[in-house]
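I have placed the structure first, in the form of structure tokens, so that the comments after it can refer back to it.
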Amino acid sequence: MASALPEGCVVGHAAPFSIDPRINHRVTPSLESVIMASANRNWAGHPAECCGRCDQLGWKSCLLAWFLPFVAIGMNKRRAFAASMALWTTIFFILFLVHYYNFYIHFFIPCSQSTLCTLRAVIFVWGGLITGIVISILGACNRCSLRKQYNLPGDDCQDCMLWCCCIPCALCQETRTLAYNNVENGEWEGPNLGRGMAIGLPLQAL
């Protein structure tokens, strides 16, 4: 019994590739759907929610941002912008080291001479406060670039306020967002649906 053939087909010849336009519509996403998906992107949780959803991705990102912020920044630069993780980790490691070492010397090591105290105060101002300002500026600029590149909500003022008031909170949110959405080498893949990469390390079943 002869089978029904699509209109326009000839027996013994392959049907044209575009004979059914519905096939191409299903395979190739429309420009509108791509724009809509990009417009619906959002940060993973509030900046105050340090552990996010309290899952493995959330608390590992939180621990990394609080205790190894220079590693989190370098990893986020690699994920979001395909930048050198080693370079940015080294830069921020030096900045954080100088920043916290100056605070430690100034507040926890007593001085016995007034001249030494004055010198330490000057070093504290120039070494501790200025490195803190540089860290906040670089972090805020990085967050602005991240937000604009991936069409995330917010504005420049919010980015600056977050990095000036609570660096770990801002860094936690950025690290979670990149981890939850499988961003790697500048490519936003979308949510990992319960499996994927946390802080750059492979996970087993979550």
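The two atoms that bring W163 and A140 nearest to each other are CG-N, 3.7 Å, heavy atoms only. Nearest approach of F81 to L146, heavy atoms of both residues: CZ-N, 3.5 Å. The minimum heavy-atom distance linking E174 with N142 is given by the pair OE1-ND2, 4.0 Å.
Here the SG atom belonging to C172 is positioned 11.5 Å from the CG atom belonging to L162, to the nearest 0.5 angstrom. Between atom CD1 of residue I91 and atom CD1 of residue I73 there is a gap of 10.5 Å, rounded to the nearest 0.5 Å. Considering CH2 of W66 and SG of C169, their distance stands at 5.5 Å, rounded to 0.5 Å. Here CZ of R78 is found 15.5 Å from CH2 of W88. Values are rounded to the nearest 0.5 Å. Interatomic distance, M85 CE to K77 NZ, rounded to the nearest 0.5 Å: 13.0 Å. For the atom pair CG (L87) and CZ (F92), the distance works out to 10.5 Å, reported to the nearest 0.5 Å.
Side-chain contact check for R41 versus N181: every heavy-atom pair is 4.5 Å or farther apart.
Linking Ile, Leu, Val, Met, Phe, Trp and Tyr whenever their side-chain heavy atoms come within less than 4.5 Å puts L138 and Y100 in one cluster. When hydrophobic clusters are built by joining Ile, Leu, Val, Met, Phe, Trp and Tyr residues whose side-chain heavy atoms come closer than 4.5 Å, directly or via intermediates, I137 is not grouped with L171. I130 and I135 fall within a single hydrophobic cluster, where Ile, Leu, Val, Met, Phe, Trp and Tyr are joined by side-chain heavy atoms under 4.5 Å apart, directly or via other members.
For F93, the CZ atom counts as loosely surrounded, since its 6.0 Å shell holds 12 or fewer non-hydrogen atoms of other residues, nucleotides or ligands.
Ring planes of F70 and F96: tilted class, angle from 30 to 60°.
For the pair N76 (side chain) and A72 (backbone), a donor-acceptor distance under 3.5 Å is present. A donor-acceptor pair under 3.5 Å is formed between the side chain of Q149 and the backbone N or O of A80. Between the R176 side chain and the G58 main chain, no donor and acceptor come within less than 3.5 Å of each other. With W43 contributing its side chain and T177 its backbone, the two residues share no donor-acceptor pair below 3.5 Å.
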Under 3.5 Å, side-chain donor or acceptor atoms of residues 154-161 against the rest of the protein: list the pairs with distances, not counting sequence neighbours.
residue : atom : partner : partner atom : Å
D155    : OD1  : C157    : N            : 3.1
D155    : OD1  : Q158    : N            : 2.8
D156    : OD1  : R147    : NH2          : 2.5
D159    : OD1  : R143    : NE           : 3.0
D159    : OD2  : R147    : NE           : 2.8
D159    : OD2  : R147    : NH2          : 3.0

* **Evaluation steps, side chain to side chain contact (heavy atoms under 4.5 Å, CB included), between M75 and T175** => CA-CA 9 Å; M75 187 189 64; T175 306; 3.9 Å; yes
* Determine, stepwise, if the pair T131 / Y101 fulfils side chain to side chain contact (heavy atoms under 4.5 Å, CB included). => CA-CA 11 Å; T131 52; Y101 184 69; over 6 Å; no
